[in-house]
A.B. asks: 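So that we are looking at the same thing, I have put the structure below in structure tokens.
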Amino acid sequence: MKLATWNINSLGVRLPQVLAWLDRQAQDGPVDVLALQELKLTDDKFPAAAFEQAGYHATWFGQKTYNGVALVSRTPAQDVVRNIPGFADEQARLIAATYGEGETALRVIGAYFPNGQAPGSDKFAYKMRWLDALRGWLADELRRHPRLALMGDFNITFDDADVWDPEGLRETIHCTSEERAHLQALIALGLHDAHRLFPQPPKTFSWWDYRMLGFQKNRGLRIDHILISDALRARASACTIDRAPRKNPQPSDHAPVVLTLD
DNA sequence: ATGGCCATCGCGGATGGA
């Protein structure tokens, strides 16, 4: 089975690319759950019928202009949660659901972490509060759901290996010690960075700036992640970043991350 | 080189992204 995450930077613009990508993936095994971020549309504009026609269920949490997240899946979502319980938030950034029953039930959390803009800014402070709230709730979720995956656009790099220019970008947004400590605190709850469970080529990134020929020069960051619990780690067999959609006309600035489980 | 590109809203140019 496959789990995937993709920040598509407007589902209105890139729905055809998402459907084409799901089709392509299905050639060597369908994607069971795809987490999407940055829908940039309201709930009433979500293209549920298009996904249904393609054979997928969906559950979504939209917002006008900004943010918005969804889970697209082969089986229906159960026990859906929108945003972090107990954390008042105007922004649609998180959606969680359970797939399957009993001991094989899988809990999936799709999230669009705040960008944070710059250390010291109000948006950075919001990012830190959001991360605190996520950690508190996630600890409970892990107790309830041993088979759990947290995936999405984290807007945080783990370390210098996730950064095209570690010296030039030291302690800038996505690369600060404070953000990385928060990311490690999520790992400390009992999660694993699926990407690093397997050998990866150096300079493997998931996002490239639209400007300065960022993708062509591979000037990128790895900020899109799939974190999995111990129970899922035991079943993980591959984790890859698919650069192909970044070469599409009108691409998202992010590439999808795909985890394969036995 | 303190911007470059892209999407949104809405019809010019600001805002946000990362």
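So that the names make sense, note that chain A is the first sequence line, chain B the second, and so on, each numbered from 1.
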A.B. asks: Look at the side chain of Lys64(A) and decide which nucleotide, out of dC9(B), dA18(B), dA7(B), has an atom nearest to it.
C.D. replies: dC9(B)

A.B. asks: What is the distance from CG of Asn9(A) to C1' of dG16(B), rounded to the nearest Å?
C.D. replies: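 Interatomic distance, CG of Asn9(A) to C1' of dG16(B): 10 Å.
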
A.B. asks: Can you label the angle between the His225(A) ring and the Phe158(A) ring as parallel, tilted or perpendicular, going by 30° and 60°?
C.D. replies: perpendicular

A.B. asks: Expressed as a whole number of angstroms, how long is the span from Met212(A):CE to dG4(B):C1'?
C.D. replies: 7 Å

A.B. asks: Quick check: on DNA chain B, is the nucleotide nearest His174(A) upstream (toward 5') of the one nearest Ser10(A), or the reverse? Name the residue that is more 5'.
C.D. replies: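 Per heavy-atom nearest nucleotide, the more 5' residue is Ser10(A).
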
A.B. asks: In whole angstroms, how far is the C1' atom of dG17(B) from the NE2 atom of His254(A)?
C.D. replies: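 Going from NE2 in His254(A) over to C1' in dG17(B) covers 8 Å.
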
A.B. asks: Answer with base, sugar-phosphate or nothing: what part of the nucleic acid does Glu38(A) contact at a heavy-atom distance below 4.0 Å?
C.D. replies: sugar-phosphate

A.B. asks: Decide whether Gln37(A) and Thr5(A) meet the rule of one side-chain donor and one side-chain acceptor closer than 3.5 Å.
C.D. replies: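 The answer is yes; a qualifying pair exists.
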
A.B. asks: Roughly how far apart, to the nearest Å, are dG4(B) and dT15(B) at atom P?
C.D. replies: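 Per the computed distance, 14 Å lies between those P atoms.
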
A.B. asks: What is the separation between atom CZ on Phe124(A) and atom P on dA18(B), rounded to the nearest whole Å?
C.D. replies: 15 Å

A.B. asks: In whole Å, measure the gap between the P atoms of dG17(B) and dC11(B) for me.
C.D. replies: 23 Å

A.B. asks: Which whole-number value in Å describes the distance from Asn248(A) CG to dC5(B) P?
C.D. replies: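 Those two atoms, CG and P, are 20 Å apart.
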
A.B. asks: By the 4.0 Å heavy-atom rule, please label Asp224(A) as base, sugar-phosphate, or nothing.
C.D. replies: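 Nothing, no nucleic acid heavy atom in range.
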
A.B. asks: Compute the ring centroids of Trp208(A) and Trp164(A), then answer whether they are less than 6.0 Å apart.
C.D. replies: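 Between Trp164(A) and Trp208(A), which both carry aromatic rings, the centre distance is not below 6.0 Å.
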
A.B. asks: Evaluate the ring planes of Trp130(A) and Phe113(A), with Trp represented by its six-membered ring, and classify them as parallel (under 30°), tilted (30 to 60°) or perpendicular (over 60°).
C.D. replies: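 The arrangement is tilted - the two ring planes meet at 30° to 60°.
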
A.B. asks: Give one of base, sugar-phosphate or nothing for Asn7(A), where a contact means two heavy atoms less than 4.0 Å apart.
C.D. replies: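 Since only primed, P, OP1 and OP2 atoms lie under 4.0 Å of Asn7(A), the category is sugar-phosphate.
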
A.B. asks: Touch check for Phe215(A), heavy atoms < 4.0 angstrom, all strands: base, sugar-phosphate only, or nothing?
C.D. replies: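 Result for Phe215(A) = nothing.
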
A.B. asks: Is it the case that Asp89(A) and Tyr126(A) place a side-chain donor and acceptor less than 3.5 Å from each other?
C.D. replies: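 The answer is yes; a qualifying pair exists.
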
A.B. asks: I want to verify a distance call: between dG16(B), dA7(B), dA18(B), whose nearest atom is closest to the Lys123(A) side chain?
C.D. replies: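 For Lys123(A), the side-chain atoms sit closest to dG16(B).
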
A.B. asks: When the P atoms of dT2(B) and dG13(B) are considered, how many whole Å apart are they?
C.D. replies: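 That atom pair is separated by 22 Å.
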
A.B. asks: What nucleotide, of dG17(B), dA18(B), dA7(B), holds the atom closest to the side chain of Arg93(A)?
C.D. replies: dG17(B)

A.B. asks: Using a strict cut-off of less than 4.0 Å between a Lys/Arg side-chain nitrogen and an Asp/Glu carboxylate oxygen, indicate whether Arg143(A) and Asp140(A) qualify as a salt bridge.
C.D. replies: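 Between Asp140(A) and Arg143(A) there is a salt bridge, with a charged N closer than 4.0 Å to a carboxylate O.
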
A.B. asks: For the pair made of CZ in Arg246(A) and C1' in dC5(B), what is the distance, rounded to whole Å?
C.D. replies: 10 Å

A.B. asks: Need the pair for dT2(B). Rule: Watson-Crick or G-U wobble, both distances under 3.5 Å, any strand; none if unpaired.
C.D. replies: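 In the structure as shown, dT2(B) has no Watson-Crick or wobble partner.
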
A.B. asks: Considering every strand and a 4.0 Å limit on heavy-atom distances, what is the contact class for Arg14(A): base, sugar-phosphate, or nothing?
C.D. replies: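 Arg14(A): backbone/sugar contact only, no base atoms under 4.0 Å.
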
A.B. asks: Report the residue (Leu39(A) or Tyr66(A)) whose heavy-atom-nearest nucleotide on DNA chain B is the more 5′ of the two.
C.D. replies: Leu39(A)

A.B. asks: Grab the CD-P distance between Gln37(A) and dA7(B) for me, whole Å please.
C.D. replies: 17 Å

A.B. asks: For a quick check of understanding: with a heavy-atom distance under 4.0 Å over all strands, which category does Asp209(A) fall into, base, sugar-phosphate or nothing?
C.D. replies: nothing

A.B. asks: Without decimals, in angstroms, what is the distance between Asn115(A) CG and dG16(B) P?
C.D. replies: 11 Å

